[in-house]
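Quick caveat, the model's predicted, so the values are computed rather than measured. Just so you know, residue 1 is the first one in the sequence shown, and it goes up from there.
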Amino acid sequence: MSEVASTKELKRVLGRKELLSIGIGQTIGSGIFAMVGIGIAMTGRSASVSMLIAAIFTIFTNIPLIFVAGTVRLRGGFYTQLALLGNDVSAGFFVIVHILSWTALAMYALSFADYMLGLIPALATNGFVRQLIALIVLTVFYVTNLMGIEGAAKLQNAMMLIMILALTAFIVFGLPHVTADYFKQPEFMTHGVKSMLSAGALFTWAVGGANVVIHLGAECKNPTKDVPFVIIVATCIIAVFYAGLVVVASGVLPVAEVANQPLTLVSAEVLPYPLHVFFIVGGAMFALSTTLNSALGWVTKPILQAAVDGWFPPKVATIHKKYKTPTVILTMFYVECVIVILFNVPISTIGNMAVILNNVFFAILAFTSYNMIKKIPDVWKKSRFHVSNGMLLFWAVVGGISLILQTLLLFSDLKPWEFVANIVVLVFGLAYAYFRKKSGKVHMEVSYEEA
């Protein structure tokens with residue numbers, strides 16, 4: 001192994017097809033199969049409306065990010081954007097909270113285990129089996145990503161095709177079973193408008209996953225063309241699937257039976273047994289697998305660039321000589337998730353924490369996108385996404401305020417200890433970034449370039 005001198009050394013092997021596969025795979029798994037039960041518990045059958053609200057939130061918040069990603073190659077993803085358009089401390093703040101918030105990887109492994117136990121109930125006799133299954137699937141994709149992102153992307157393509165077939169079967173067979181009283185209370189909007197909006201804020205994690213391809217800028221062939229395309233197209237594809245899936249998930253059985261439950265209950269009701277098994281394996285389990293696989297591919301990139309810049313000791317930036325993968329950072333995430341799985345942290349707690357912490361940074365990213373006119377004026381003027389200063393300011397403000405409102409909605413639904421945990425993480429991240437910068441060990445490399 002060797003130490004990476006720069007994210008410039010990463011292989012640029014990802015084209016539009018691979019990025020679209022990663023964007024769709026990341027989004028499908030993290031949304032429907034891990035969070036739809038939580039959303040139904042929050043607002044009943046109006047969870048389908050919440051999903052549409054989430055799509056609107058996502059569109060508003062992604063526009064300023066698309067302006068930036070369509071203008072320059074961001075080799076460290078959102079970390080690079082903050083370093084370029086914000087300041088050094090905000091970039092360091094981001095990367096610390098990024099590390100802590102992505103305990104969410106454990107959520108996908110645990111959800112995978114829940115679906116496997118739904119398929120084979122006999123395995124559920126021992127309480128530790130769920131954690132053991134989660135540890136096994138986490139380990140498989142950890143090893144896959146250690147061996148290189150190109151191989152992981154090929155695996156992603158194969159799983160995604162099977163997953164789309166399974167989801168389509170669920171929708172086609174499920175819609176005829178949806179109750180005619182779908183929009184009637186008390187099953188619809190069970191806790192009022194506020195909870196429906198809160199569920200919409202939560203579901204942004206479900207429909208907004210495609211923007212993670214921004215983190216893969218260092219490995220893209222044509223990032224300023226392909227990344228914006230993938231964010232828009234993948235989000236639209238997911239919206240079509242989610243509209244049908246949520247209606248079936250919430251409209252076949254009583255809300256009390258499906259709230260906080262995996263989709264296996266509904267699939268058993270609407271699908272013939274062979275298709276039920278195919279849905280669990282090819283739909284639910286493959287969806288969660290593609291999310292975990294794609295996330296392990298991109299979640300390391302901001303930290304790799306941050307280690308190069310001095311936010312962490314140089315050893316953290318170690319990459320494998322043959323596969324060009326960040327072995328230390330991947331292992332760090334692996335260990336972090338193993339701890340979460342062993343302590344059996346509730347999925348709802350992991351999900352809420354991840355969404356809140358990420359929303360804080362997306363708000364900062366949205367607001368600071370306006371700084372392109374000052375920091376990279378010549379490059380911005382040449383961008384295919386160039387708009388007037390007033391229009392750029394409009395979308396920066398709309399995106400930022402939208403994210404702040406979503407975060408406040410989610411904060412209002414937290415348990416006291418969850419609220420405190422989120423505040424502690426944010427304060428720790430800010431303190432670490434401030435004192436590390438003050439130590440003189442941080443020397444920021446220019447990690448963006450025209451492409």
Would you say the side-chain atoms of [X] pair up with the backbone N or O of [Y], donor to acceptor, closer than 3.5 Å?
X	Y	result
Tyr273	Ala268	no
Asn293	Phe141	no
Thr407	Leu403	yes
Arg73	Gly217	yes
Ser50	Ala199	no

Give me the ring orientation class for Trp102 and Tyr108: parallel if the planes are under 30° apart, tilted from 30 to 60°, perpendicular past 60°. tilted

Euclidean distance, [Y] [atom2] relative to [X] [atom1], rounded to 0.5 Å:
X	Y	atom1	atom2	result
Ile341	Thr103	CD1	OG1	10.5 Å
Leu19	Ile231	CG	CD1	10.0 Å
Glu269	Leu263	CD	CG	13.5 Å
Thr224	Glu449	OG1	CD	10.5 Å
Leu138	Phe333	CG	CZ	12.0 Å
Ile96	Leu426	CD1	CG	12.5 Å

For residues [X] and [Y], is any side-chain donor paired with an opposing acceptor at under 3.5 Å?
X	Y	value
Thr139	Tyr334	yes
Asn422	Glu418	no
Ser46	Thr43	yes
Arg130	Asn344	yes
Tyr142	Thr331	yes
Ser267	His276	yes

Trace of the side-chain contact (heavy atoms from CB on, under 4.5 Å) decision for Ile40 with Arg45: CA-CA 6 Å; Ile40 293 172; Arg45 288 176 177 150; over 6 Å; no

Would you say the ring centers of Phe411 and Phe419 fall short of 6.0 Å from each other? yes

Are side-chain heavy atoms of [X] and [Y] found at a separation under 4.5 Å?
X	Y	value
His98	Val299	yes
Ile53	Phe203	no
Phe312	Val95	yes
Leu414	Ile356	yes
Leu167	Leu245	yes
Asp226	Cys220	no
Val97	Val360	no
Phe57	Thr204	yes

[X] versus [Y], closest heavy-atom pair with distance:
X	Y	answer
Leu65	Leu365	CD2-CB, 3.7 Å
Thr61	Ser402	CG2-OG, 3.9 Å
Pro326	Ile319	CA-CG2, 3.9 Å
Gly174	Val252	O-CG2, 4.1 Å
Ile164	Phe241	CG2-CZ, 3.5 Å
Ala249	Val36	CB-CG2, 4.4 Å

Met196 and Met42: CA distance, side-chain angles, deciding distance, side-chain contact (heavy atoms from CB on, under 4.5 Å) verdict: CA-CA 7 Å; Met196 184 175 70; Met42 292 172 72; over 6 Å; no

So which of Lys437, Arg436, Lys441 actually passes salt bridge (Lys or Arg N to Asp or Glu O under 4.0 Å) with Asp88? Lys437

Single hit among Val335, Leu146, Val143 for side chain to side chain contact (heavy atoms under 4.5 Å, CB included) with Leu330: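 Exactly one candidate clears the test, Leu146.
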
Only one of Phe78, Phe93, Tyr79 forms a ring pair (Phe, Tyr, Trp, His ring centres under 6.0 Å) with Phe361, so which one is it? Phe93

Phe278 CZ: over 12 foreign heavy atoms closer than 6.0 Å: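 It does: Phe278 CZ has more than 12 such atoms within range.
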
Before you tell me yes or no, could you show the steps for Phe170 and Val266 under side-chain contact (heavy atoms from CB on, under 4.5 Å), namely the whole-Å CA-CA distance, both residues' side-chain angles and the distance that decides it to 0.1 Å? CA-CA 9 Å; Phe170 181 80; Val266 179; 3.8 Å; yes

Carboxylate-amine/guanidinium proximity below 4.0 Å for Glu18 and Lys221: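 No, Glu18 and Lys221 are not salt-bridged.
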
Tell me, with the steps shown, if Arg12 and Glu219 meet salt bridge (charged side-chain N to carboxylate O under 4.0 Å, His left out). CA-CA 4 Å; Arg12 294 180 178 178; Glu219 292 159 300; over 6 Å; no

Under the criterion side-chain contact (heavy atoms from CB on, under 4.5 Å), I'd like the reasoning laid out for Trp311 against Met444: C-alpha separation, chi angles, the key distance, then a yes or no. CA-CA 9 Å; Trp311 292 105; Met444 304 288 285; 3.5 Å; yes

